[in-house]
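Numbering of ligands and ligand atoms starts at 1, following listing order. As a basis for the values below, the full set of heavy atoms in this structure was taken, side chains included, without hydrogen atoms, waters or symmetry mates.
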Amino acid sequence: MNDIVKKINELETRLKKYAYEYYTLDNPSISDYEYDQQYQELKQLLATYPEYLQNDSITRTIGYEILDKFNKVNHVYPMYSLDNAFNIDDLLNFDHRIKKEFSNYAYVLEPKIDGLAISLTYEDGYLVQGVTRGDGQIGEDVTNNIKTIQTIPIVLNKKINLTIRGEVYLKRSNFNLLNEKQHALGLPLFANARNAAAGTLRQLDSSVVAQRKLDAYFYTVANYQELELQSHYESLQFLKELGFCVNEQIVQLDTIDNVLDEIQKIENKRSSNDYDIDGAVLKVNDFKTQELLGFTAKFPKFAIAYKFAAEEVETQLEDIIYTVGRTGQITPNAVLTPVVVAGSTVSRATLHNYDYIQQKDIRVGDFVVIRKAGDIIPEVVRALSNKRKPDSQKVMMIKQCPICYHPLQQINNSVDYYCLNPNCPAKQIEAIIHFASRKAMNIVGLGERIVEQFYNDGLFKSIADIYRLQDKEAMIVEKEGFGQKSFTNLITSINASKEASLDRVLFGLGIRHLGEKGAKILTKHYSTMYDIIQAQYDDLVLIDEIGPKIAQSLVDYFKIAENIELINTLSTLGLKMENKQTANQSNSEFSNKVVVITGTLENYKRDELINILESKGAKL
Ligand code: IVH
């Protein structure tokens, strides 16, 4: 295969994975900005080598396949996506193409709301359907959820048929409140307002949607012909009159120069809005002109989205503190003068490792630029050395663990420093948090705060102590904010976790480099924990997708006597150390049956039910 084909295939696979994470799982692993960069790279390669354009290329699809939980609905008017402009030249080219065909035209410029697209249908003035974009042709029917959005009228003051498009979003203020609630309940936090909005709209329980207070801005009337509307701007005024929210920053403009000025204004205002935007959308105003310009397979030719880079904000680095992860890895963290970035207040940011601090010559007291990597984790991008005080000092790496004072070490020439003391309290707390986390044993109610508290109170020394908590009832129910009910719920969840599959237990141990996927692969290969313990490096590296790093880390982990002791104790306490069908599984009516869980569950949490069914031999 030549290098170009290889590169194209690689980009297609990667981008499809990202699109699936973003559209279907509402859980992106990279930022929109990074996605767009890679998408553009692929687009340019395909423009140069069109012979390698495949039918199922990501560049020919809109959105991604849809999940099964809501009814599927065909869009009468397909929902298109927008072509992107990343710089002024792209915008000038867009304008140039239109200028070639038309002498007289105007634009409408709108903020690009970072939410999820929705299509609403009204019949005789009544809201009859709300549908997500899906793949652009078929979406998901989320009418009941849409009806909980207070600012969307259910009955119009005109008895008309109407199909409109807009963006459902969560205000930054509501997003922060929602995450505060999630935190208080020990539930996972939402990464950003867009994910929270998307996850909420696709909730099966409409009462949950109602509590979270979604909002929507509308920007398209799809059946404008039927309604005899002449221009986009006129249709926006029409929507306003009908009672829909239309963004207040939308403007009508005559020249591309004015457009460029106005884009700057929208970008300047970005951080003070109570909603996230990721760019500005430029649209030709007149509908006749729009029709003449037409569409490509994916985009209208009369509109383009100008994408902003990740929001960067300046603040001051007050201090550097070091945290210890569950593997003992030391991470330097910036303590910042609090500042709002992309919708939430940031006072800590990662500095990754000591090499990063040195390379960027970041110093305490510096003014620094920060942004959210992947729109999620705040990081320090650079120091503004021109604003630096003359007496500032270069940062020196600490020599001892900040918690247990054990000397730090670098392993195998890696840039990272580690505390290798197996009894380091920081490592133990992190290890327990990880073991209890959703993707490992999924113990609800054992979040960061509670684990720290239990550790400090002497209830936890190691992971195994989780399974000894039931004997500590008297001491726990006494604690502030922790009554009998929380205790019972916690113990129920701990007991349910004993049914967790071997791969979850293995992942929960927190072996360096071994993620969820690696743990699954290993437990497909070996049927008991003891087979994995005995596997040699040479056997492990032969397994597809288990590289030398993971193999070495596994061998190192199982060489340590305390780790084997922990596994034995967990086994004695009732955890699953085997993969094979147990008697319980093969006798069960679920044995080897494929089970699909849909709808609202009354007596179980979804994850609990998955654990129980899997333990009975069902395939979910
Ligand atoms: S117009 C045919 N206007 O951006 C044109 N889209 O990247 C359809 N979006 O799917 C879209 N703000 O979810 C339009 N003012 C705006 C928008 C907007 C946000 C979203 C929308 C669309 C996506 C395309």
Side-chain angles (χ1 to χ4, degrees), residues 18-19 22-23 26 28 31-33 35-36 39-40 43 58-59 61-64 66 75-86 90 94 107-120 130-137 139-140 142 163-170 193-195 197-198 201-202 214-224 232-233 235-236 239-240 244-253 259 262-263 266-267 270 273 275-285 287 289-291 293-308:
Y18 296 146
Y22 181 91
Y23 288 110
D26 299 327
S31 70
D32 295 0
Y33 184 72
Y35 178 86
D36 289 337
Y39 187 91
Q40 287 310 314
K43 235 174 90 175
I58 183 99
T59 59
T61 61
I62 302 174
Y64 206 77
I66 48 182
H75 290 297
V76 178
Y77 302 88
M79 288 184 81
Y80 286 90
S81 182
L82 289 168
D83 201 0
N84 286 323
F86 293 101
D90 292 346
F94 172 78
Y107 286 122
V108 174
L109 184 72
E110 311 177 354
K112 187 170 186 302
I113 315 295
D114 198 7
L116 71 157
I118 189 83
S119 177
L120 303 187
V131 184
T132 63
R133 183 170 71 170
D135 64 3
Q137 301 291 335
E140 292 169 329
V142 288
T163 302
I164 59 173
R165 268 81 203 256
E167 201 80 355
V168 169
Y169 69 98
L170 193 62
R194 191 229 164 248
N195 284 0
L201 196 65
R202 292 154 100 206
L214 294 170
D215 271 287
Y217 277 126
F218 289 88
Y219 45 66
T220 298
V221 177
N223 63 333
Y224 65 84
H232 180 58
Y233 200 73
S235 67
L236 296 177
L239 284 174
K240 263 197 228 173
F244 293 98
C245 294
V246 173
N247 188 277
E248 61 288 352
Q249 293 181 58
I250 297 179
V251 279
Q252 213 178 337
L253 299 160
V259 167
E262 220 36 65
I263 286 182
I266 293 179
E267 188 160 12
R270 184 181 187 189
N273 298 329
Y275 49 86
D276 289 348
I277 64 169
D278 57 347
V281 184
L282 184 61
K283 299 171 181 172
V284 169
N285 187 30
F287 282 143
T289 315
Q290 285 194 0
E291 284 161 25
L293 282 161
F295 293 83
T296 69
K298 220 178 150 175
F299 311 120
K301 292 190 199 161
F302 53 81
I304 194 158
Y306 176 80
K307 298 293 280 281
F308 299 149

Between [X] and ligand 1, which part of the residue brings a heavy atom under 4.0 Å of the ligand: side chain, backbone, both or neither?
| X | result |
| --- | --- |
| A117 | both |
| K283 | side chain |
| P111 | backbone |
| E110 | side chain |

Return the CZ to CD1 distance between F218 and I113, rounded to the nearest 0.5 Å.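 One finds 11.5 Å between CZ of F218 and CD1 of I113.
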Output the distance between atom CZ (R270) and atom CG (D278), rounded to the nearest 0.5 Å.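 Reported value, rounded in 0.5 Å steps: 7.0 Å.
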So, the side chain of H75 versus the backbone of R133: is there a donor-acceptor pair under 3.5 Å, distance only?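 Such a contact is found between H75 side chain and R133 backbone.
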I need the nearest protein heavy-atom contact for [atom]: residue, atom name and distance, please.
| atom | answer |
| --- | --- |
| atom 23 (C) of ligand 1 | K112 NZ, 3.8 Å |
| atom 14 (C) of ligand 1 | Y219 CE1, 3.4 Å |
| atom 2 (C) of ligand 1 | P300 CG, 3.5 Å |
| atom 22 (C) of ligand 1 | R133 NH1, 4.1 Å |
| atom 12 (N) of ligand 1 | I113 N, 3.1 Å |
| atom 8 (C) of ligand 1 | Y80 O, 3.8 Å |
| atom 20 (C) of ligand 1 | E167 OE1, 3.4 Å |

H232 vs F287 aromatic rings, parallel, tilted or perpendicular, using cut-offs 30° and 60°?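 Plane angle over 60°, so perpendicular.
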Looking only at the side chains, is there a donor atom on one of N247 and Y275 sitting less than 3.5 Å from an acceptor on the other?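 Yes, a side-chain donor-acceptor pair sits under 3.5 Å.
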If I compare all heavy atoms of Q252 with all of V108, which pair ends up nearest, and what's the gap?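 So the two residues come closest at CG-CG2, 4.3 Å.
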Using heavy-atom distances only, which candidate in D83, L282, L82 approaches atom 11 (C) of ligand 1 most closely?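 Minimum heavy-atom distance to atom 11 (C) of ligand 1 goes to L82.
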